[in-house]
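All remarks here apply to the structure that follows.
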Amino acid sequence: MKKLTYAIIAFLTIVCTSLCAQTAGKKPTVVIVPFEAKSSGIGQDDCDIVTESFESEYARTGSALVVNRSNLEKIQKEQAFQNSDWSNNDKTAKLGEALNAQQLVFGSLRFYNDILFVTVKVQNIETLAVLASVNERVKDTMELLDKIPSICNALIAQLGGTVDSVKNSGISDKQYKIGDIGPGGGYIFYASVSGFPVYSGDKMTICHYLECSPDEVGDNATWCPCTQRPWCNGETNYAIGAGKKNTENILSANHSGKTLYAFNCAAKACAEYSTKTTKPGEWYLPSRKELELMCNNLRESGKIVSNAYYWSSSQYDNNEAYCQNFNKTWYSTSCKYNNGHVRAVRAF
């Protein structure tokens, strides 16, 4: 842990907190650009119906204000804005200002080896920086239309759309709010109306809540038992919902022939955790973003009182992984062979 790193992270935390405070409670206004065919065999009718269906579903989630198509076309005409201008930062910024919009959604369709590849990206309208992206493979347009709700949910989850209380009719009629006891016996620390994708193996499930274990499942545990540089590479992600797949990748990684135990592998400790209403395998080591939400939401409510460092399942590189300081509420990195505390997470 380097003091300079802490100072930089602390400064960035203050800046981000200030920016978030200015935009708290405001839904972004979004321009959905007509989906584009990137290869032959995809007709304009296909692109139009996919665009219309996506626009309708994205608006239905309630996470953003979608610009009406007629308003978009009117402003484009007034500014002599061409379809080729979407890659021009200055022109898109002026268009966004006229529409009072902050985000663009681009979609493209491409056939390759009889498989339809779909890419959807959310970009900042001023800088064109990518804020979220989803890639899907389907057999045809009809299957893609069935996938649009999950694509929208995945994008919104990456953008961090949350609410304090939601009703998840697919799991239970009970409503949960931050700090409640969940069905697994843990503390609810995240809730999403639109849902977020959780990957396990080759399957994807849309979940609406995250709960953490009521107690620590390990202290002074290492991230992995590797003792020589470079240590293992678990191919991990930072996002909400990524912790499940991260944990699976860590457990299946090459750890220099070492045997994994709960005390020498934080992911193993979480995978083996269970409660009266859950079984081993349902819980996992949280991703960096999930751990950050756990710290911020449960520390404020007093459900977790700790000044320790906790492991996330997101690695920084082959040698270090991300951890969260529950005292200073910022994340940092630590050598995978160092000791840290562990809380398990469950999505439902």
Any donor-acceptor pair under 3.5 Å from [X] side chain to [Y] backbone:
X: Glu211; Y: Ile188; value: no
X: Asn124; Y: Glu126; value: yes
X: Trp311; Y: Ala221; value: yes
X: Ser314; Y: Ser287; value: no
X: Ser252; Y: Asn249; value: yes
X: Gln102; Y: Thr29; value: yes
X: Thr247; Y: Ala267; value: no
X: Asp46; Y: Ile42; value: no
X: Arg343; Y: Pro214; value: yes
X: Ser274; Y: Lys279; value: no

Considering all heavy atoms of both residues, which atom of [X] and which atom of [Y] are nearest to each other, and what is their separation?
X: Asn325; Y: Cys295; result: O-SG, 4.2 Å
X: Asn89; Y: Thr127; result: ND2-O, 3.3 Å
X: Gly185; Y: Thr277; result: N-OG1, 4.3 Å
X: Leu285; Y: Cys270; result: N-CB, 3.6 Å
X: Ser133; Y: Val130; result: CB-CG1, 4.3 Å
X: Val30; Y: Ala64; result: CG2-CB, 3.6 Å

Counting neighbours of [atom1] on [X] that are heavy atoms of other residues, nucleotides or ligands and sit closer than 6.0 Å, is the number greater than 12?
X: Asn307; atom1: CG; value: yes
X: Asp45; atom1: CG; value: no
X: Glu136; atom1: CD; value: yes
X: Phe117; atom1: CZ; value: yes

Could you grab the distance from atom [atom1] of [X] to atom [atom2] of [Y], nearest 0.5 Å is fine?
X: Asn297; Y: Glu292; atom1: CG; atom2: CD; result: 9.5 Å
X: Asn338; Y: Asn220; atom1: CG; atom2: CG; result: 11.0 Å
X: Leu109; Y: Phe35; atom1: CG; atom2: CZ; result: 7.0 Å
X: Ile32; Y: Gln103; atom1: CD1; atom2: CD; result: 10.5 Å
X: Asn100; Y: Ile125; atom1: CG; atom2: CD1; result: 10.0 Å
X: Thr333; Y: Asp317; atom1: OG1; atom2: CG; result: 7.5 Å

### Query
After noting the C-alpha distance and the side-chain angles of Lys139 and Leu116, does the key distance pass the side-chain contact (heavy atoms from CB on, under 4.5 Å) rule?
CA-CA 6 Å; Lys139 61 181 180 181; Leu116 181 60; over 6 Å; no
Kindly work out whether a path of hydrophobic side-chain contacts (I/L/V/M/F/W/Y, heavy atoms less than 4.5 Å apart) joins [X] to [Y].
X: Met294; Y: Ile240; answer: yes
X: Val138; Y: Tyr112; answer: no
X: Leu104; Y: Leu65; answer: no
X: Val67; Y: Leu128; answer: yes
X: Val305; Y: Phe326; answer: no

### Message
Let's go through Val120 and Val118 carefully: what are the C-alpha distance in whole Å and the side-chain angles of both, what is the deciding distance for side-chain contact (heavy atoms from CB on, under 4.5 Å) to 0.1 Å, and is it a yes or a no?
### Response
CA-CA 7 Å; Val120 186; Val118 185; 4.2 Å; yes
### Task
On the 0 to 90° scale, with breaks at 30° and 60°, tag the Tyr310-His341 ring pair as parallel, tilted or perpendicular.
tilted
### Query
Hey, what's the ring geometry for Phe106 with Trp86, parallel, tilted or perpendicular (30° and 60° as the breaks)?
perpendicular
Under 3.5 Å, is there a donor-acceptor pair between the [X] and [Y] side chains?
X: Asn68; Y: Ser70; result: yes
X: Thr275; Y: Thr278; result: yes
X: Glu248; Y: Ser200; result: yes

### Query
Does the distance from a Lys or Arg side-chain N to an Asp or Glu carboxylate O, for Glu143 and Lys147, drop under 4.0 Å?
no
#### Entry: Arg288/Glu290 ion pair, N-O < 4.0 Å
no
Between [X] and [Y], is any pair of side-chain heavy atoms under 4.5 Å apart?
X: Leu251; Y: Cys265; result: yes
X: Leu95; Y: Ile75; result: yes
X: Thr92; Y: Phe81; result: yes
X: Phe189; Y: Val345; result: yes

How would you list all residue pairs meeting salt bridge (charged side-chain N to carboxylate O under 4.0 Å, His left out) that involve [range], not counting sequence neighbours?
range: residues 61-77; value: Glu55-Arg69
range: residues 88-100; value: Asp85-Lys91
range: residues 101-121; value: none

### Query
Given Asn327 and Tyr309, is the side-chain contact (heavy atoms from CB on, under 4.5 Å) satisfied, shown in steps?
CA-CA 8 Å; Asn327 180 31; Tyr309 281 89; over 6 Å; no
### Task
Check ring pair (Phe, Tyr, Trp, His ring centres under 6.0 Å) between Tyr284 and all other residues, then give those that pass, not counting sequence neighbours.
none
## Note on the structure
Across all chains, not counting sequence neighbours, the side-chain hydrogen bond (donor to acceptor under 3.5 Å, both in side chains) partners of Thr119 are Asn135
### Task
Verify whether the ring centers belonging to Phe348 and Tyr176 lie closer than 6.0 Å.
yes
### Pairs touching residues 57-77 that satisfy ring pair (Phe, Tyr, Trp, His ring centres under 6.0 Å), sequence neighbours left out
Phe54-Tyr58
### Task
Kindly determine whether Gln158 and Val134 satisfy side-chain contact (heavy atoms from CB on, under 4.5 Å), including the steps that lead there.
CA-CA 9 Å; Gln158 291 180 45; Val134 170; 3.7 Å; yes
